[in-house]
Protein chains: 2
Amino acid sequence: MARGKVQLRRIENPVHRQVTFCKRRAGLLKKAKELSVLCDAEIGLIIFSTHGKLYELATKGTMQGMIEKYMKSSQEVHAQVEPNPPQETQEEISMLKQEVHLLQKGLR
Amino acid sequence: MARGKVQLRRIENPVHRQVTFCKRRAGLLKKAKELSVLCDAEIGLIIFSTHGKLYELATKGTMQGMIEKYMKSSQEVHAQVEPNPPQETQEEISMLKQEVHLLQKGLR
DNA sequence: CCCTATATATAATG
DNA sequence: CATTATATATAGGG
């Protein structure tokens with residue numbers, strides 16, 4: 001955007017990072033509100049800055065209500081599919097499977 | 001944006017609304033990821049469509065962890081327990097590791 | 001904060 | 001789903 005393309009990696013300069021954080025956070029919140037209004041969706045957005053400061057948005061009702069609704073829906077939707085296994089764990093499985101595959105090829 | 005300015009109100013035409021929902025939802029998720037990476041922030045995003053379908057994003061860890069952190073930070077007194085990774089998953093990892101081991105021996 | 005040049009997002013259309 | 005004309009978002013710089 002604007003006078004310089006941006007790299008998709010952590011901005012090292014703390015001042016730049018802070019400025020960008022403010023601007024983009026505002027933009028993100030605006031977009032979230034728009035999506036909610038335009039498409040009649042319910043949105044909950046939680047942001048923790050690097051230093052742990054909390055920013056939030058709940059477009060309908062409260063964040064609490066949002067969370068509760070999420071809990072229920074989440075259980076229904078992917079209780080069996082991908083419940084709690086952290087992404088990391090899933091990735092480990094993938095890696096291992098791939099390795100097994102390679103090793104088996106190596107044996108032949 | 002684009003060939004026509006947008007009114008900040010609910011889109012009545014169900015088809016248009018659905019299309020817009022898809023596009024903007026994708027955009028919002030992208031922006032959220034970018035903000036997270038660029039500014040090293042932790043973001044949790046929950047979206048319920050008009051018909052109650054859930055879409056979510058947690059940029060670090062799980063949504064569960066995000067929610068717990070939120071609970072503490074917002075100073076609410078909602079103790080929430082996160083279930084542990086399923087044994088099944090852990091076992092699968094063990095099995096795979098062992099298999100890798102055996103195959104490696106086989107190669108020697 | 002405000003501005004302005006550009007990068008992006010996306011409404012409308014093919 | 002791909003393209004394209006415009007509307008927005010925003011990086012860099014006062």
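Keep in mind the model is a prediction, meaning the values are calculated, not measured. In the text below, chain A, chain B and the rest are named by the order of the sequence lines, each starting its count at 1.
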Indicate, with a heavy-atom threshold strictly under 4.0 Å, whether A:Lys5 touches base, sugar-phosphate, or nothing.
sugar-phosphate
With a cut-off of less than 4.0 Å, is there a side-chain N or O of B:Lys31 near OP1 or OP2 of D:dT10?
yes
side-chain N/O A:Thr20 vs D:dT10 OP1/OP2, d < 4.0 Å:
no
Check: B:Leu45 and A:Ile43 side chains under 4.5 Å, non-hydrogen atoms
yes
With a 4.5 Å heavy-atom cut-off, do A:Leu38 and B:Arg17 have their side chains touching?
no
Atom NZ of B:Lys31 and atom CZ of A:Arg24: how far apart are they, to the nearest 0.5 Å?
5.5 Å
Write down the distance between [atom1] ([X]) and [atom2] ([N]), rounded to a whole number of angstrom.
| X | N | atom1 | atom2 | value |
| --- | --- | --- | --- | --- |
| B:Gln7 | C:dA11 | CD | P | 13 Å |
| B:Leu35 | C:dA9 | CG | C1' | 16 Å |
| A:Lys33 | D:dT8 | NZ | P | 16 Å |
| B:Lys23 | D:dT6 | NZ | C1' | 13 Å |
| B:Leu28 | D:dT8 | CG | C1' | 15 Å |
| A:Arg25 | D:dA11 | CZ | P | 14 Å |
| B:Asn13 | C:dA11 | CG | P | 13 Å |
| B:Arg24 | C:dA11 | CZ | P | 5 Å |

Side-chain heavy atoms under 4.5 angstrom apart, residues restricted to Ile, Leu, Val, Met, Phe, Trp, Tyr: same cluster for B:Met66 and B:Tyr70?
yes
Does B:Arg3 contact D:dT4 through a side-chain donor or acceptor facing the base, at a distance under 3.5 Å?
yes
